[in-house]
There are 2 protein chains.
Amino acid sequence: MIEPLEQLRSTLQDHGQSLTRPRKKVFTTLQAKGPLTMAELIQASGTSLDRASVYRTIKLYEQLGIVQRLQIGWKYRVELSNSFQHHHHHMYCTQCGNVIAMPEDTVLEERLQALAANISFSAQDHQIEIRGICANCSRT
Amino acid sequence: MIEPLEQLRSTLQDHGQSLTRPRKKVFTTLQAKGPLTMAELIQASGTSLDRASVYRTIKLYEQLGIVQRLQIGWKYRVELSNSFQHHHHHMYCTQCGNVIAMPEDTVLEERLQALAANISFSAQDHQIEIRGICANCSRT
DNA sequence: AATTATTTGCAAATATGTCGCAATTTGTGC
DNA sequence: GCACAAATTGCGACATATTTGCAAATAATT
């Protein structure tokens, strides 16, 4: 398995971009804390990073396919994309706000492929969110 | 089939809310024009409604499960939820920005149910977005 | 039609996202 | 490791999006 930071560096290099301290920080923060809202990400990146830099970094990362946005609950969040972590989807507990990653499911994935193919839609990516109440909360 | 507006009224009433002119307007606009960004919705609701009221209405509707947000491309949009229109998902063409509704698929739906049930997650709702290039655009 | 509680519109406050530019940092070649 | 050119950052100023307090207007009830 390749060092994630090395993979990041080479992805950036392939596009003539360099791996700077802020970009590294954003990456490791996402690595450590999973899907975050921009506000959380800015906050978690520490006071050393400027809002604008975080936004710029995320915009770049999104273009290079390093991160992806998800709509979870009220605000969108960003997380590392499939090249940097296993492909997965989310369940969102509307009670406690917890986000649970669901394991990859081949049946599901293939079905989605098929549905797109049916109408000659060339699928590149997809996202699934299940909303409901998690085991923990429904136990109450 | 129940009158949608009646269904709206009773949903509101069940929660001690009343069906006002602005709320009616937002509802019928969504009915007529499908998934809209807030800006579009505000615009389409006409100058008679204040921005703030539209936001408040959407927040309320979301809590009552009358509308749901979708992340389509960069901005989120709102549309009526499954109780008010047929359950469906979307494909989003990253080229032309078109949104294509995909027909309901039982295999897909059941699989999602099963996956949630597996971890005792009580699923209430879900949303799927497939991003890619539509038939029209890839023909070029 | 009068009463009371809810909801609206308005104006102002916050929050979120973007931009230009001087100062700093990065990658590169020596 | 140092100097240079190019890329990137942080800052402050904007632009846009969303929320809030409150007096006035509207809805449900009697």
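Model, not experiment: these values are computed from the prediction. By convention in this document, chain letters (A, B, ...) are assigned in the order of the sequence lines, proteins followed by strands, and residues within each chain are numbered from 1.
- Glu62(A) places its CD atom 10 Å from the P atom of dT18(C), with the value rounded to the nearest Å.
- Close to dT7(C), at under 4.0 Å from its OP1 or OP2, lies a side-chain N or O of Gln17(B).
- Note on Arg131(A) versus Glu129(A): salt bridge recorded, some NZ/NE/NH1/NH2 to OD/OE distance being below 4.0 Å.
- Counting non-hydrogen atoms under 4.0 angstrom, Arg23(A) reaches the backbone sugars and phosphates but no base.
- Alongside Phe121(A), the hydrophobic cluster contains Met91(A), Ile100(A), Met102(A), Leu108(A), Leu112(A), Leu115(A), Ile119(A), Ile128(A), Ile130(A), Met91(B), Ile100(B), Met102(B), Leu108(B), Leu112(B), Leu115(B), Ile119(B), Phe121(B), Ile128(B), Ile130(B) (criterion: ILVMFWY side chains under 4.5 Å).
- In this view, Asp50(B) satisfies the salt bridge (charged side-chain N to carboxylate O under 4.0 Å, His left out) rule with no residue, not counting sequence neighbours.
- You'll find that the side chain of Ala52(B) is closest to dA11(C), out of dT9(D), dA11(C), dA12(C).
- Arg51(A) contributes no side-chain N or O that forms a donor-acceptor pair with the base of dG10(D) under 3.5 Å.
- Looking at the side chain of Ser53(A), the nearest of the listed nucleotides dT9(D), dA7(D), dT18(D) is dT9(D).
- Under 4.0 angstrom from either OP1 or OP2 of dT18(C) there lies no side-chain N or O belonging to Tyr55(A).
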Practice task
Walk me through it: do His87(B) and Glu109(B) pass the test side chain to side chain donor-acceptor pair (under 3.5 Å)?
Solution key: CA-CA 10 Å; His87(B) 180 66; Glu109(B) 301 296 323; 3.0 Å; yes
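- With hydrogens and angles ignored, no donor-acceptor pair closer than 3.5 Å exists between the side chain of Arg9(A) and the base of dG27(C).
- Remark on DNA chain D: of its neighbouring residues Ile42(B) and Pro22(B), the 5'-side contact belongs to Ile42(B), judged by nearest-heavy-atom nucleotide.
- If you measure from atom CD of Gln43(B) to atom P of dT18(D), you get 15 Å, rounded to the nearest angstrom.
- Rounded to whole Å, atom C1' of dT6(C) lies 12 Å from atom CG of Leu12(B).
- Distance Arg69(A) CZ to dT16(C) C1': 11 Å, rounded to the nearest Å.
- At the phosphate of dA15(C), neither OP1 nor OP2 sits under 4.0 Å from any side-chain N or O atom of Lys75(A).
- Summarising the geometry, the separation between CG on Leu19(B) and P on dT29(D) is reported as 13 Å, rounded to the nearest angstrom.
- Across Ser48(B) and Ser45(B), no two heavy atoms sit closer than the pair OG-O, 3.9 Å.
- His126(B) and His89(A) have their aromatic ring centers separated by at least 6.0 angstrom.
- With distances taken from any side-chain atom of Arg56(B) to the nucleotides dG27(C), dC22(D), dC19(C), the minimum falls on dC22(D).
- Closest to the Leu49(B) side chain, of the nucleotides dT9(D), dG9(C), dT18(C), is dG9(C).
- Atom OH of Tyr76(A) is separated from atom P of dA15(C) by 16 Å (rounded to the nearest Å).
- Checking dT16(C), dG9(C), dT8(C) against every side-chain atom of Ala39(A), the shortest atom distance belongs to dT16(C).
- The separation between Gln63(B) atom CD and dT19(D) atom C1' is 14 Å, rounded to whole Å.
- If you check every strand for non-hydrogen atoms under 4.0 Å, Lys24(A) touches nothing.
- Between Thr20(B) and the phosphate of dT6(C), there is no side-chain N or O to OP1/OP2 separation shorter than 4.0 Å.
- Residue Arg21(B) is classed as a sugar-phosphate contact, given heavy-atom separations below 4.0 Å to backbone atoms only.
- Within 4.0 Å of Ser48(B), counting heavy atoms only, lie sugar-phosphate atoms of the nucleic acid but no base atom.
- Rounded to an integer number of Å, the gap from CD of Gln13(A) to C1' of dA7(D) is 13 Å.
- Side-chain proximity of Ser18(B) to the nucleotides dA27(D), dC10(C), dT8(C) is greatest for dA27(D).
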